[in-house]
Amino acid sequence: MSAVPGTAAAASCASCHDCGLLCRLPGAGAHAHCPRCGGALHTRKPRSLERTWALVIAAAICYVPANVLPVMRVTSLGKPQADTIMSGVIYFLMHGMWPLAAIVFIASVFVPLLKLVILVGLLISVHRGSSWRPSERTRLYRLTEMIGRWSMVDIFAITILVALVRLGNLATIEAETGAVFFGAVVVLTMLAAESFDPRLIWDRSDARST
Ligand SMILES: [Zn+2]
């Protein structure tokens with residue numbers, strides 16, 4: 001890892017990930033612990049790139065069945081009908097409910113894909129040691145963290161629908177396999193964004209500027 005003057009790493013210091021205490025690190029290779037809370041000290045999240053790659057690849061794999069398999073089955077007057085995310089979007093569009101169609105499309109198809117693309121782009125840029133626009137790349141990273149929670153909108157919608165429709169006897173709604181994969185995509189991309197260390201973006205560009 002490279003360090004520049006003015007950073008904690010350059011002064012052989014690291015802040016504790018658990019309690020935030022700034023601690024002086026012993027020699028290279030030694031395992032250090034925070035004197036206040038006992039948490040392990042490291043200047044960067046350990047194995048950040050490997051973990052993020054693993055989670056991003058797992059999320060990309062789950063993204064396929066999440067969109068291809070049905071997410072819910074509606075049985076109305078004895079007639080069962082299974083819906084995928086896209087068939088739901090098309091159904092809403094055909095019935096003039098375009099704001100709902102837009103919400104479902106953006107939250108379930110567009111946002112997870114955007115998150116995956118941004119994370120892959122950030123990972124590749126760090127691997128290549130890119131010094132291209134670190135502030136913009138950090139902003140992109142913050143965006144992936146911020147939009148993560150909004151992908152859960154669909155899972156909430158399905159659970160609310162299931163609960164609402166259970167109250168009546170005319171129709172039943174059940175969550176299908178696609179919803180499980182969809183939930184997995186949301187959780188895996190959130191974990192991937194969490195395991196990525198945005199300071200890696202600055203390490204390379206700081207090293208080039210000194
Ligand atoms: Zn601590």
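Residues: numbered from 1 along the sequence shown. Counting convention: from 1, in listed order, for ligands and their atoms alike. Reckoned from all heavy atoms, side chains included, excluding hydrogens, waters and symmetry mates. Predicted model only: the values in this text are computed from it and were never measured.
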Enquirer: Return each pair, listed once, that meets side-chain hydrogen bond (donor to acceptor under 3.5 Å, both in side chains) where at least one residue sits in residues 14-24; pairs must be two or more places apart or across chains.
Expert: H17-H42
Enquirer: Connecting only ILVMFWY residues whose side-chain heavy atoms lie within less than 4.5 Å of each other, what is the rest of M94's hydrophobic cluster?
Expert: I90
Enquirer: Suppose we only count N/O/S atoms under 2.8 Å; would C19 qualify as near the Zn ion (ligand 1)?
Expert: yes
Enquirer: Does any N, O or S atom of C23, backbone or side chain, fall under 2.8 Å from the Zn ion (ligand 1)?
Expert: no
Enquirer: Has S108 got a side-chain atom pairing as donor or acceptor with V104's backbone, closer than 3.5 angstrom?
Expert: yes
Enquirer: How wide is the angle at the Zn ion (ligand 1) between SG of C34 and SG of C16, to the nearest 10°?
Expert: 110°
Enquirer: Is there a donor-acceptor pair under 3.5 Å between the side chain of S130 and the backbone N or O of V126?
Expert: no
